[in-house]
Every structure is written in structure tokens, then in C-alpha cells.
There are 2 protein chains.
Amino acid sequence: MSDYARATIADVAERAGVSIATVSRVINKTGQVSAATAARVESVISELNYAPQAAARGLASRRTNTIGLILREITGEFFQPMLRGIEAGTRELGYDLLIHCTHRSPEVQSPANYPLSEHNSDGLLVFTDSLDEAEIIRLYYAQFPLVLLHRSAPPGLHIPCVTCENKSGARRLIDYLIEQRGCRRIAFLSGPDGAEDSYWREMGYRESLAAHGIPFDPRLVTLGGFDQHQGRIAVHQLLSRSVQIDAIFAGDDDTSIGVIDALKEEGLRVPEDIAVVGFDDIPLARYLTPPLTTVRAPIETAAREAVHQLVRLIRTGEADRLTLLPTELIIRRSCGAT
Amino acid sequence: MSDYARATIADVAERAGVSIATVSRVINKTGQVSAATAARVESVISELNYAPQAAARGLASRRTNTIGLILREITGEFFQPMLRGIEAGTRELGYDLLIHCTHRSPEVQSPANYPLSEHNSDGLLVFTDSLDEAEIIRLYYAQFPLVLLHRSAPPGLHIPCVTCENKSGARRLIDYLIEQRGCRRIAFLSGPDGAEDSYWREMGYRESLAAHGIPFDPRLVTLGGFDQHQGRIAVHQLLSRSVQIDAIFAGDDDTSIGVIDALKEEGLRVPEDIAVVGFDDIPLARYLTPPLTTVRAPIETAAREAVHQLVRLIRTGEADRLTLLPTELIIRRSCGAT
DNA sequence: CGTTACACTGTAAGCGTTTACACCACAAAC
DNA sequence: GTTTGTGGTGTAAACGCTTACAGTGTAACG
């Protein structure tokens, strides 16, 4: 391709009549350089359109100035605010952002087939279950900076985590349904297998039931999968069990969409026959019919915070063990409020 | 940080009793290596958890195996399918993805302050107006592989572009409004200044009007900004002009959301008093009240295709000058259809 | 049995930076 | 007028790979 030779630091040095070390000092603002020399170098740099080559810097300095983000796949409404937060964080702190999707299989595919890790980033942001636990452990013992987003660390490992207050958010949501809307038979749709967010939401749900003296009924719990389609399936399952239901906590907002659609198809009215509530407050939530009662999760803030923690870990070796962001109850019509 | 020394190619070579050249051959599958040797090297690699360091490879091979994506900011519903497509493309082709937001200012901030470009990626995907035209020109003449997404090349430059059929999509949309719904006074909300998508949509709009003998009325055109908030403002502007309107082509779906909200606030019914149509068919479109008539743009496919073109350009020096993807009319209730 | 060919492997020269170290001039301190 | 800094600069050794080139050894050929 471009046989055309790019300017190197040596070209700049020669043209400015200084050594490459001095040019490097000017670029990185490390060490002392006289104002006159610096100005001369700067002008040659822009004259030559010189820009240092990342690979060479990385090799020499053992720093890539890049943060890696690992996720399973880019999908769902959840993703947009998260990425916005991560991008904001990396830009604020002067890092580049490298994205890698592990797709279906969180296990590292081939041994030498470099997945995003220590060889091309200074630290890694790991989203939920995008990475095999074994790989997390390996990276941890290799002392590679890691921050987990919306999941907790394997037992015993001191890896910083950033997530939202799932349990207390769910607790308040269910409290509201019971106390203000008089619900007693509330179904819960869990997230995909191993989703921690779902686990804590279920804990909040159970806690609320217990606090109100309502017995936990396993027939009211089924898989929602944090996914529209699975939400529809869940509704049909629940209805076929012929147990009484007056509300559905769909696990998350995406699932709620499918739930509301499916209920309408079954000829049931939301919220008159069955109230529906979600979790996350995705942008779409307020446009559903009826608008969705949910818990607002500060997805963007959490993502940004995770980057900050990661950079702190990279630079100082320290970071907060756990960052838990507060959630907020958002009441809309899908639960019967007017 | 990790004072712990990572395994290098030399460690692998020593342990396997071969030279580093041989290890390199095994890793890259270049050149001949006996099956026995290869197996031995492979086993040492996984034993040592060795993975080549990207910076060193990049420096030695003059390839980064990374594709850069430049955009202004990660925002809007548009972004999610686009990123999914780009990610799919890069993964299929074995590239990493580096994302850089130029944010407000498309001009390169400081001279030596490396924005994503020739120093850390093999090629660049440029989204709409995320990059200054001067910088595009510079990269072009530096022979750096470039593909433009949803914008066209500066005059005279042979830079491959990938976009959707905005003009014919808009043409069909307006044809439908006029012919099937009997609209004659159709307002058009343009995108932000310089947005090419908007330009072509307006061309389609004007072409349709002309074809039906409806005179173009500049009072029916105002800024929509491809943005919800600006959509609301636009509605108030239009109404204050006290010109007759029976439909609003909001420019894109995001704008439609604001338009519908604003119309409702003004006490107008959609579609009985004023029909509303958008463009893109974002996931949210079908959940609006009423569900939105729009033009489906293959955002994900376009993004994926752009990556393929870029990689072809990187590898062979050739790519299609223009890739135009077909759009599809999606009729829903917001235009009066039942 | 000497060639030739080819499969396999090693040697070493970069790639473009950063950075430890050394050096020099000149000013301030004795 | 010798010391002792201290800004300012240069030299050169890494950093961990890829790859051109130069060997080996063995099999097949004449």
C-alpha cells in the first residue's frame, strides 16, 4: 500500500537539528528542553505532519495507552449508554478504546490467538460474563489491571467491580407494587443463566415479599432471559400454569417489551389485569404502551466510573473494591399509576 | 505495576529448543515447520500462556491488525446497529476495533496529539462528518486506507463510500403520502448542517413533489437536526408560521419522536390532523404511539459492508467506489394507514 | 556417488520509539 | 579559581517481534 514513507522521529530530529531524544522529550513533555528548541521542534513536527507511531511507543515504553473492553456482543438497548460512558471515560483520561466481542463463547478460542488482553492494552474492562472465569483468574495472577462491570469477582480475588444497586432497586420496586398498588401475586422473570444482576434483583424481590408476609411461590418465577423474545415465551409459560398473577416483574426493560406484547395478544389489559414493571429505564421505556414503570439504572455513569477505576488501578495500583451506584424508582402507567 | 515478567517469544524458543524465528513461523503459520516441532512449540506456548505482544508485532510487521472507527459521538438509536455491523465485520476478518470520538470538534486538536490514524490502525472508517475534510484529504494523499460511512468523498478524491439509498427511499415515502394518503402540504425537517443523508432525503422529497405537480414551499422546510429536542422546536416553528400542513417528514426517526410529542402537546392528533413519517426504522419506531411509518435503512449491513470494503482496500488496494444499500418502505399507523 | 531440490531451521538486521546515562556549559558558591 | 550544582542536550541500549538470507540434512535423481 503506502510505499510512501511516513515521517519518523529521526526525520524531525534531523530537520530541527537536534537529537531524537530531544524530540521525544518535546512530544512527551518529559525532561527539560529550552523554550527555543521546543518551539523549533514543534514547528518541524507540524510541518512534517509527524505523529509518533503507537506500536513503537508501546514497545519502548511498555504502555499502550489503550483500554480494552470485553463483551459478549453489542446488542440490546443497554449497550448504548454504557458505551457512551466508557467512551467519555477513556477520552477524559486520554486513553484509546479497543473493543472485543467474545461472542457466543467466553472461553478463549485458541491459545496463541491473542484475545484482547495484556498484549495490546494497559487494562481491561470486563462486562458481565464476557470472559471465562479461568481467564479472569489468570489475568489477575498475571497482575494485569482488570475492572469488572456488572459482575462480581471470583471468590478471593481482589478485583474492583462496578455495578448498580440491583437488590435495593428491586426491593423498592416490589415494595411499591405491594404497598401502593395492592399486588400480592407478583411473577419474576430471571435473566439468562448466571447473570448476576438478575440474582440480586431476585434477592430484592424475595426480600420485599418476605417483609410483607407474602410467601415465595416458585411457580411465579421463570426465565425471562433479559430478552424480548424470551419475555413472550415466559408469559405463555406463566399463563399455562394457571396460577393467579396480578403483576409481572420482567427482570429488565427489554424483557418487559415482550411481556407487554404477549399479554396484549392474550387479551389481557396492562395494567388493569396485570401490571408490568421492568428494570434499567432504557430510552424506549417511556414510549411503550402503557409507559413502563421501572428502576432507573445509571448505566452510563457506571461505565464511566469503571473506566476511572481502571485507570486509577493502572496508574497507582489501587482502586475501590466495589462501586455500587444508586438506582431510582420511575413510576409510569404500566403498574396502574395514573 | 506488574513487575512480573511476561513470557516473550525468546522464552518460548528456549523452552522448546528452537530459534525465535521458528516460533514466529508457528504462530503466524508462515513458512515451513515440521509437524513435530510445531506441536512442541504449541505446547510450550500454552504451557507458558504466551501471547505475542501487539506492539512488537506491529513495529516489526508494519501492520496493526486494527481498524479505526472515527465518529463524533456515540449517541442516538442509530449507533447500536451500526456498531454491531462494524464489530461483526472486524471479527469476521480478524481485525481489532479501535474507537475514537472527535466529539464536538472534527478538526484535529493538537498537531502531535495523535488522533486515531496511520499510527495505530491499518485503515479508518469515517462516519459522516466526524473528520475535518482537510484531514481526510491529508490521509488520502498519504495513501492511508479510508472508507467513508454515510457521507461522500470530497470532490476529486477516489475514496470508497458506503451509504443507504436516501433519495429513492424518501421519494417512495413521499410518493406514498401523496398518492395513498392524499397529503399535499408536507413539511420537511432537515438534519444538522452538512448532513448528507439529509440532503439526499430532501432531494427525494422535492422530486416526489415535482412529480406530482405540487410546488415546493420553503415555509414547509425547517431544521430538525436529527434529534428529538430539535424536532419539538421545529414543530413549534412550523405551527407559528400559520401555513397549512397535513404531514411532517421528520428527516429521521429520532426527530419523529420529538415531533409526535410536540404535536400532542399542541392538541393535534397524529395522524388524523397531521401525519408523521420518519426515516431509519430504529427499533423504537414501532413502539411509538402511533407506531411510526418510516423507511428502513440497513444500518447494520451498511456498517458491515464498509468494514469489508476497507479490509479489501487495505489488502488489495482496491475497493468499490460507492456502495449504495437499498431501503424499504415501512407503513405503520402514524401516516394514517390502518 | 556427486548433484540438485527441497523441507526445515537458525542468524541477524531492522522496525521507531523511550529512557538511563553521560556529557557539557555556565552560574553560583566557597 | 576551584568546586558544585543544574538546565540543556546527545548517545546508545533496550523493547519483542518479523523476515530476508543463509545455512543444514536428507531424499531423489542422474
- prompt: Phosphate oxygens OP1/OP2 of D:dT9: is one of them under 4.0 Å from a side-chain N or O of A:Thr22?
  reply: no
field: Sugar-phosphate, base or nothing in reach of B:Thr30, heavy atoms under 4.0 Å
entry: nothing
message: Counting the atoms with a prime plus P, OP1 and OP2 as sugar-phosphate, which does B:Ser24 contact under 4.0 Å by heavy atoms, base, sugar-phosphate, or nothing?
response: base
query: Roughly how many Å is it from CD in B:Gln32 to P in D:dT26, rounded to a whole number?
result: 18 Å
Residue-phosphate contact under 4.0 Å: A:Arg62 side-chain N/O, D:dC15 OP1/OP2: no
field: Rounded distance (Å) that lies between atom C1' of D:dA14 and atom CZ of A:Arg57
entry: 17 Å
message: Regarding B:Arg91 and B:Glu87, does a basic nitrogen lie under 4.0 Å from an acidic carboxylate oxygen?
response: yes
- prompt: More than 12 heavy atoms of other residues, nucleotides or ligands under 6.0 Å from CZ of B:Arg151: is that the case?
  reply: yes
query: Considering heavy-atom distances to DNA chain C, does B:Leu59 or B:Thr37 have its closest nucleotide positioned more toward the 5' end?
result: B:Thr37
- request: Could you state the atom-to-atom distance from CZ of B:Arg63 to P of D:dT18 in whole Å?
  value: 9 Å
message: Looking at B:Asp11 and B:Arg6, is there a salt bridge between them, counting it only when a charged N and a carboxylate O are closer than 4.0 Å?
response: no
query: Hey, is A:Glu135 close enough to A:Arg138 for a salt bridge, meaning N to O under 4.0 Å?
result: yes
task: Shoot me the first and last contacting nucleotide of DNA chain C against chain A, ordered 5' to 3', at under 4.0 angstrom to non-hydrogen atoms.
output: C:dG16 to C:dA20
query: Does atom CD of B:Glu47 have more than 12 heavy-atom neighbours, drawn from other residues, nucleotides or ligands, at distances under 6.0 Å?
result: yes
query: For A:Ser19 and D:dG10, is the shortest distance between a side-chain N/O and OP1 or OP2 below 4.0 Å?
result: yes
field: Rounded distance (Å) that lies between atom P of D:dT19 and atom NZ of B:Lys29
entry: 15 Å
field: Whichever of A:Ile20 and A:Ala35 has its nearest DNA chain D nucleotide further upstream toward 5'
entry: A:Ala35
- prompt: Atom CD1 of A:Ile9 to atom P of D:dT11: distance rounded to whole Å?
  reply: 14 Å
task: If the plane angle is over 60° it's perpendicular, under 30° parallel, otherwise tilted; pick one for A:His150 and A:Phe78.
output: perpendicular
- request: For A:Asp122 and D:dC15, give me the distance from atom CG to atom C1', rounded to whole Å.
  value: 15 Å
message: Checking contacts here: which listed nucleotide (D:dA20, D:dT18, D:dG16) is nearest the side-chain heavy atoms of B:Arg25?
response: D:dA20
task: Quick one: pull up CD1 in B:Ile27 and CZ in B:Arg57 and give me the separation to the nearest 0.5 Å.
output: 6.5 Å
